[in-house]
Amino acid sequence: MTAETPTRPRNTQPAAWRHTDILDLDDFDVDEIETVLTLADRMREVLDRRIARVPALRGYTVVNLFYEPSTRTRASFELAGKVLGADVITITTATSSVVKGESLIDTVRTMRAMRADAIVMRHSMAGAAYLAAEHTDASIINAGDGSHAHPTQALLDLYTIRKRVGDLRGKRVVMVGDIAHSRVARSDMWGLTALGAEVVVCGPPTLLPRGLRPGDRPSHAESALPPVIIETEIDRAIEGADVVMALRLQSERQQGGLLPSLHEYSQFYQVTAERLKRAKPHHLLMHPGPKNEGVEIAATVASGSASIIEEQVTNGVAVRMALLYLLSGRTDLPGEETR
Ligand code: CP
C-alpha cells in the first residue's frame with residue numbers, strides 16, 4: 001500500500017469477532033458464527049421493512065469483483081451493501097482490464113487505491129482470495145474460490161437451517177452430489193460440524209474428495225476436513241435426515257471420466273420425492289443454486305413443500321449485510337428511524 005492509502009479501522013466490536021477478511025469457515029469459532037447469525041436476524045428485520053434502507057454503512061465502499069459467473073452471490077452482496085447505505089460497484093472481469101492481462105493483485109490494489117473498503121471476490125482458482133488478502137488491507141470476502149470454499153453461502157445455510165430447526169446439535173444434515181468439487185460442501189462441513197450437526201456427505205466415490213473416499217487412508221493430506229459420515233448409497237444417507245441438501249454437478253471443474261453418464265448419475269443420486277420418504281417427516285430440502293432440475297434434484301422436489309431454497313436466497317442478503325457490517329467495524333446500526 002502507498003503512504004496515501006488509508007488503513008482500515010481496527011475491528012474492536014463485538015467481542016466475538018476478530019476477522020478483517022472472510023476467507024473460509026475453518027477459522028471461525030462457534031462464538032463468531034453465533035455473532036454473524038444473531039446479527040443476521042437484525043438485518044433480516046431491516047430487509048423486511050417496507051423501505052429497506054438504513055445508513056449504517058454510509059461512506060463505506062464495496063467492490064464486487066467476479067472472475068466467474070454468479071447470480072445469487074453477486075446480486076445479494078450488491079443488495080446487502082445498498083440496503084445498508086454503502087456504495088457498491090460491480091466489476092465483471094470479462095469487461096474489465098483483466099482481459100488486457102491485468103493481474104489479480106494489481107486489480108485488487110487498483111480497487112483499494114479508489115478507497116474500496118471491502119472487495120467481494122469470486123475466482124476459479126482455489127486460494128485466490130487468500131492471495132488477494134495478502135496484498136491489500138481492504139477486507140477480502142471470499143465469494144467462492146475454485147472448489148475450495150464459499151463461506152458466505154455456508155453462513156446463510158447455517159442461518160436458514162437454524163431459523164427453521166433451532167439448535168443444530170444432533171441434527172442430521174445430508175449433502176448429496178458432487179462433494180469433491182463443491183466449495184459449498186466444504187464450507188458447510190466446517191460450519192455445520194462447528195454447531196454440532198451430524199453431517200453426512202453422499203455421492204459416487206469419484207465425486208467424493210480425496211481423503212473421504214472409501215478405502216482412503218486417514219493420513220491423506222486432503223482428509224484435513226472436519227469429521228463427517230461418508231455414504232455412497234443415497235437411500236442410506238437420507239435415512240432419518242432433518243435436512244437434505246442437493247448439490248450441483250460442477251461440470252466446469254470436472255475432468256472427464258468421473259461419471260459413466262449423466263443419466264446414470266441421475267438414476268442413482270437424484271434427490272427425488274420417493275427417496276425423501278426416508279427422511280424425517282418434517283425434513284427440509286435445500287440447494288445452494290444454481291440447480292439443474294432433472295439432474296441432481298427432481299423439479300417437483302425443488303418446488304415442493306419441504307423446499308426452503310428461496311428462503312436461502314432471501315436470508316443470503318441478510319447474512320451478507322451482517323458480514324459487511326461486522327467487517328466495517330461500525331457499531332451504530334440504526335434502529336427504528338427508517339421504518
Ligand atoms: N450459490 C451460489 O453461489 O450461487 P451463484 O453462483 O448464483 O452466486
Side-chain angles (χ1 to χ4, degrees), residues 22-25 36 40 47 62-83 88-94 118-129 132 140-161 163 173 175-192 201 203 243-254 271 284-293 295-297 301-303 307-324:
I22 314 273
L23 300 175
D24 196 5
L25 287 196
V36 177
L47 190 62
V62 180
V63 173
N64 270 337
L65 181 60
F66 278 64
Y67 288 78
E68 275 194 338
S70 166
T71 297
R72 279 148 285 268
T73 313
R74 195 176 65 176
S76 65
F77 266 112
E78 204 164 315
L79 269 173
K82 285 177 175 169
V83 170
V88 186
I89 297 161
T90 292
I91 295 179
T92 307
T93 54
I119 299 174
V120 182
M121 211 182 91
R122 172 169 290 187
H123 202 285
S124 58
M125 186 184 82
I140 297 292
I141 303 176
N142 185 1
D145 61 330
S147 299
H148 174 245
H150 196 348
T152 69
Q153 176 71 43
L155 286 164
L156 80 86
D157 289 341
L158 296 180
Y159 178 74
T160 304
I161 299 172
K163 219 168 152 58
V173 181
M175 290 187 268
V176 183
D178 183 358
I179 311 292
H181 302 96
S182 173
R183 52 198 177 200
V184 176
R186 278 172 211 274
S187 291
D188 268 334
M189 282 186 227
W190 287 111
L192 288 164
V201 298
V243 179
V244 177
M245 186 187 298
L247 296 171
R248 183 174 70 86
L249 270 182
Q250 310 257 319
S251 45
E252 72 275 25
R253 299 188 212 289
Q254 291 180 17
V271 177
L284 302 172
L285 187 276
M286 301 174 75
H287 193 304
K291 53 187 156 48
N292 290 314
E293 292 181 358
V295 181
E296 73 269 6
I297 188 167
V301 162
S303 57
S307 173
I308 53 168
I309 294 171
E310 288 183 12
E311 265 178 59
Q312 288 175 266
V313 176
T314 309
N315 290 336
V317 182
V319 167
R320 285 161 179 143
M321 287 165 67
L323 291 170
L324 291 174

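Whatever order the structure lists them in is the order used to number ligands and atoms, beginning at 1.
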Original post:
Any side-chain heavy atom of Pro290 within less than 4.5 Å of one from Arg72?
Top reply: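 Touching, per the 4.5 Å side-chain cut-off.
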Original post:
Do Ile22 and Asn142 come within less than 4.5 Å of each other through their side chains, counting heavy atoms only?
Top reply: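 A side-chain contact under 4.5 Å is absent here.
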Original post:
Will you find, in the side chains of Arg122 and Thr73, an N or O donor that is under 3.5 Å from an N or O acceptor?
Top reply: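 Short answer, yes.
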Spell out, as yes or no, whether a donor-acceptor pair under 3.5 Å connects the side chain of [X] to the backbone of [Y].
X      : Y      : value
Glu296 : Lys291 : no
Arg74  : Leu65  : no
Asp145 : Ala129 : no

Expected rows: ligand 1 N/O, protein N/O, dist below 3.5 Å:
from     : atom 1 : to     : atom 2 : distance (Å)
ligand 1 : 1 (N)  : Gln153 : OE1    : 3.0
ligand 1 : 1 (N)  : Pro288 : O      : 2.9
ligand 1 : 1 (N)  : Gly289 : O      : 3.0
ligand 1 : 3 (O)  : Thr73  : OG1    : 2.9
ligand 1 : 3 (O)  : Arg122 : NH2    : 2.9
ligand 1 : 3 (O)  : His150 : NE2    : 2.9
ligand 1 : 4 (O)  : Arg72  : NE     : 3.0
ligand 1 : 6 (O)  : Arg122 : NH1    : 2.8
ligand 1 : 7 (O)  : Thr71  : N      : 2.9
ligand 1 : 7 (O)  : Arg72  : N      : 2.9
ligand 1 : 7 (O)  : Arg72  : NE     : 3.1
ligand 1 : 7 (O)  : Arg72  : NH2    : 3.1
ligand 1 : 8 (O)  : Ser70  : OG     : 2.6
ligand 1 : 8 (O)  : Thr73  : N      : 2.9
ligand 1 : 8 (O)  : Thr73  : OG1    : 2.6
ligand 1 : 8 (O)  : Arg122 : NH1    : 3.4
ligand 1 : 8 (O)  : Arg122 : NH2    : 3.3

